[in-house]
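A short write-up of the structure that comes next.
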Number of protein chains: 2
Amino acid sequence: MASTHEPHPRGRSEVGDLDTIVSERLDLVDQRTTAARRSLVDILAGTTAPLTLREILELDAGLAQSSAYRNLAVLEEAGVVRRVVIGDDHTRYELAEDLTGHHHHLVCADCGAVTDFVLDDPAEQVLEAALDAAAAAAGFRAEHHRLDLVGTCRRCG
Amino acid sequence: MASTHEPHPRGRSEVGDLDTIVSERLDLVDQRTTAARRSLVDILAGTTAPLTLREILELDAGLAQSSAYRNLAVLEEAGVVRRVVIGDDHTRYELAEDLTGHHHHLVCADCGAVTDFVLDDPAEQVLEAALDAAAAAAGFRAEHHRLDLVGTCRRCG
DNA sequence: ATGAGTGCAAAGGCTTTGCATTAGG
DNA sequence: CCTAATGCAAAGCCTTTGCACTCAT
């Protein structure tokens with residue numbers, strides 16, 4: 001379970017590869033690779049933070065709201081997209097971690113902005129060991145963890 | 001790395017003290033201490049996991065839904081209650097951490113059940129140090145963190 | 001051509017709000 | 001007493017669903 005440490009690669013450099021991977025994963029769940037789905041993946045691949053549906057629609061003006069919701073659900077089922085619920089506000093969406101690398105979220109309590117960050121490897125390892133122990137103690141089979149740091153961002157501070 | 005602290009003290013032993021603290025905090029934000037608010041606090045103090053509104057209402061049949069929402073918002077503003085958003089399902093509520101102790105949540109991906117757990121002290125310290133470093137690097141003023149372990153609970157596993 | 005994907009509009013479900021009534025300090 | 005709190009019902013808001021049309025394979 002390698003944990004990537006550099007700011008994870010959610011850029012456009014590997015979009016070619018990404019398209020292929022996405023198509024394959026859609027095939028696996030018997031879903032077609034459509035323009036709308038490619039567009040959604042490209043949008044998510046082009047940012048460094050999870051986006052709300054509103055933000056996604058602003059970046060792809062020609063997509064119906066309902067189609068966006070439906071396609072994001074399909075992409076989630078295909079293991080391409082992950083839903084991120086951070087506050088009581090809107091749901092956000094990002095690419096699955098195996099496409100971007102394991103990371104966490106900085107959440108501004110003031111403006112609601114969300115940014116990605118990574119823990120250094122030693123800390124991440126200590127954390128994972130401690131979580132495994134806690135899971136074992138509770139008779140819990142651990143899958144993954146979510147870690148948010150809540151505070152005030154540079155602009156609001 | 002055993003993390004077997006006892007389930008944090010959200011029991012009824014200190015309810016007397018708790019009532020006093022709650023009244024004081026309500027006073028501080030110019031809110032009255034009413035029966036409904038005391039009841040909500042007692043309910044939250046009586047469990048070991050954050051509750052949904054539905055669960056809360058089941059435990060206090062005589063409280064209107066809207067009053068529950070309003071009072072939980074007041075209690076949150078008073079620093080007595082904390083809103084916990086875990087999945088895309090319902091919001092949950094628990095007592096503020098300074099009343100119960102710092103803890104995290106085990107979330108069953110299958111049935112949605114939520115349970116509290118604590119990290120052992122060394123791990124928590126490593127985590128906090130790493131988070132402080134990450135916050136500093138991002139120009140972020142850290143307030144607190146949230147850590148959920150998602151997996152399968154004993155009953156669903 | 002044939003079933004999946006899309007857009008539009010309407011329905012759902014949790015949460016919030018308006019307003020008259022009741023109760024806290 | 002006088003303002004805040006409560007209950008009921010209606011409104012809001014994000015998200016999902018129904019249905020006819022269009023596109024992908």
Side-chain angles (χ1 to χ4, degrees), chain A residues 19-20 22-43 50-78 80-94 112 114, chain B residues 19-20 22-43 50-78 80-94 112 114:
Chain A
D19 267 356
T20 308
V22 169
S23 285
E24 288 170 356
R25 294 194 185 175
L26 283 170
D27 275 347
L28 285 176
V29 293
D30 291 308
Q31 295 287 346
R32 295 181 181 172
T33 302
T34 68
R37 288 170 188 174
R38 257 190 293 263
S39 169
L40 285 171
V41 170
D42 284 351
I43 287 173
L51 299 178
T52 62
L53 193 92
R54 181 189 203 90
E55 292 167 340
I56 291 172
L57 290 179
E58 283 169 0
L59 292 171
D60 182 350
L63 185 58
Q65 193 186 45
S66 59
S67 297
Y69 276 118
R70 269 190 283 233
N71 283 323
L72 287 166
V74 167
L75 289 167
E76 188 185 15
E77 192 194 327
V80 173
V81 161
R82 188 170 67 156
R83 226 174 260 238
V84 179
V85 180
I86 273 168
D88 43 349
D89 52 342
H90 316 336
T91 302
R92 291 170 181 269
Y93 301 87
E94 65 181 16
V114 179
Chain B
D19 266 357
T20 309
V22 170
S23 286
E24 288 170 357
R25 294 193 184 176
L26 283 170
D27 274 348
L28 285 175
V29 292
D30 291 309
Q31 294 286 346
R32 295 180 181 172
T33 302
T34 70
R37 289 170 187 175
R38 258 190 292 262
S39 169
L40 285 171
V41 170
D42 284 350
I43 287 173
L51 299 177
T52 62
L53 193 92
R54 183 190 201 89
E55 292 167 341
I56 291 172
L57 290 180
E58 283 168 0
L59 292 170
D60 182 350
L63 184 58
Q65 194 186 45
S66 59
S67 297
Y69 277 117
R70 268 190 285 233
N71 283 324
L72 287 166
V74 167
L75 289 167
E76 189 184 14
E77 193 194 325
V80 173
V81 161
R82 187 171 68 155
R83 226 174 259 238
V84 179
V85 180
I86 273 168
D88 42 349
D89 53 342
H90 314 335
T91 303
R92 291 171 181 269
Y93 301 87
E94 65 181 16
V114 180

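Everything quoted here is computed from the prediction, not taken from an experiment. Here is the naming used below: chain letters follow the sequence lines, and residue numbers restart at 1 for every chain.
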Nearest-0.5 Å distance that lies between atom OH in A:Tyr93 and atom CG in A:Leu53: 6.0 Å
A:Asp27 CG - C:dA4 P separation (whole Å): 15 Å
Which residues share a side-chain hydrogen bond (donor to acceptor under 3.5 Å, both in side chains) with A:Thr33, sequence neighbours left out: A:Ser23
A:Thr91 side chain, from C-beta outward: closest of C:dG7, D:dT15, D:dG7: D:dT15
Using residues 56-67 of chain B as the side-chain source, report each donor-acceptor pair under 3.5 Å to any protein atom, sequence neighbours left out, with the distance given to one decimal.
| residue | atom | partner | partner atom | Å |
| --- | --- | --- | --- | --- |
| B:Asp60 | OD1 | B:Gly62 | N | 3.3 |
| B:Asp60 | OD2 | B:Ser39 | OG | 2.5 |

N or O in side chain of B:Asn71 less than 4.0 angstrom from D:dT6 OP1/OP2: yes
Partners passing salt bridge (Lys or Arg N to Asp or Glu O under 4.0 Å) against B:Glu77 (at least two apart in sequence or in another chain): none
Pairwise salt bridge (Lys or Arg N to Asp or Glu O under 4.0 Å) hits with a residue in residues 22-35 of chain B, at least two apart: B:Arg25-B:Asp98
A:Leu57 CG - D:dC14 P separation (whole Å): 12 Å
Distance in angstrom units between A:Ile56 CD1 and D:dC14 P, rounded: 15 Å
Bend angle of the helix from C:dA1-D:dT25 to C:dG25-D:dC1, end axes from five pairs each (to 10°): 40°
Closest heavy-atom pair and its distance - B:Ala68, B:Leu40: O-CD1, 4.2 Å
Set of residues satisfying side-chain hydrogen bond (donor to acceptor under 3.5 Å, both in side chains) with respect to A:Arg82, sequence neighbours excluded: A:Glu94
Pairwise salt bridge (Lys or Arg N to Asp or Glu O under 4.0 Å) hits with a residue in residues 64-74 of chain A, at least two apart: none
d(CG, B:Leu63; P, D:dA5) in whole Å: 14 Å
Heavy-atom pair with the smallest gap, counting every atom of A:Asn71 and A:Ala36: ND2-CB, 3.7 Å
Any residue of residues 31-41 of chain B with a heavy atom less than 4.0 Å from an atom of DNA chain D: B:Gln31, B:Arg32, B:Thr34, B:Ala36, B:Arg37
N or O in side chain of B:Tyr69 less than 4.0 angstrom from C:dT15 OP1/OP2: yes
Euclidean distance, atom NE2 of residue A:His90 to atom C1' of D:dC13 [Å, nearest integer]: 8 Å
A:Leu53 CG - C:dG7 P separation (whole Å): 13 Å
Heavy-atom pair of closest approach, residues A:Ala78 and A:Leu26: CB-CD2, 4.0 Å
Would you list the protein and nucleotides 8-11 of chain D atom pairs, both N or O, that sit under 3.5 Å from each other?
| residue | atom | partner | partner atom | Å |
| --- | --- | --- | --- | --- |
| D:dC8 | N4 | B:Ser66 | OG | 2.8 |
| D:dC8 | N4 | B:Arg70 | NH2 | 3.4 |

Those residues that, when tested against A:Thr52, pass side chain to side chain contact (heavy atoms under 4.5 Å, CB included) (two or more places apart): A:Arg54, A:Glu55, A:His90, A:Arg92
Rounded distance (Å) that lies between atom P of C:dC14 and atom CG of B:Leu72: 16 Å
Distance, rounded to the nearest Å, where B:Glu76 contributes CD and C:dT16 contributes P: 10 Å
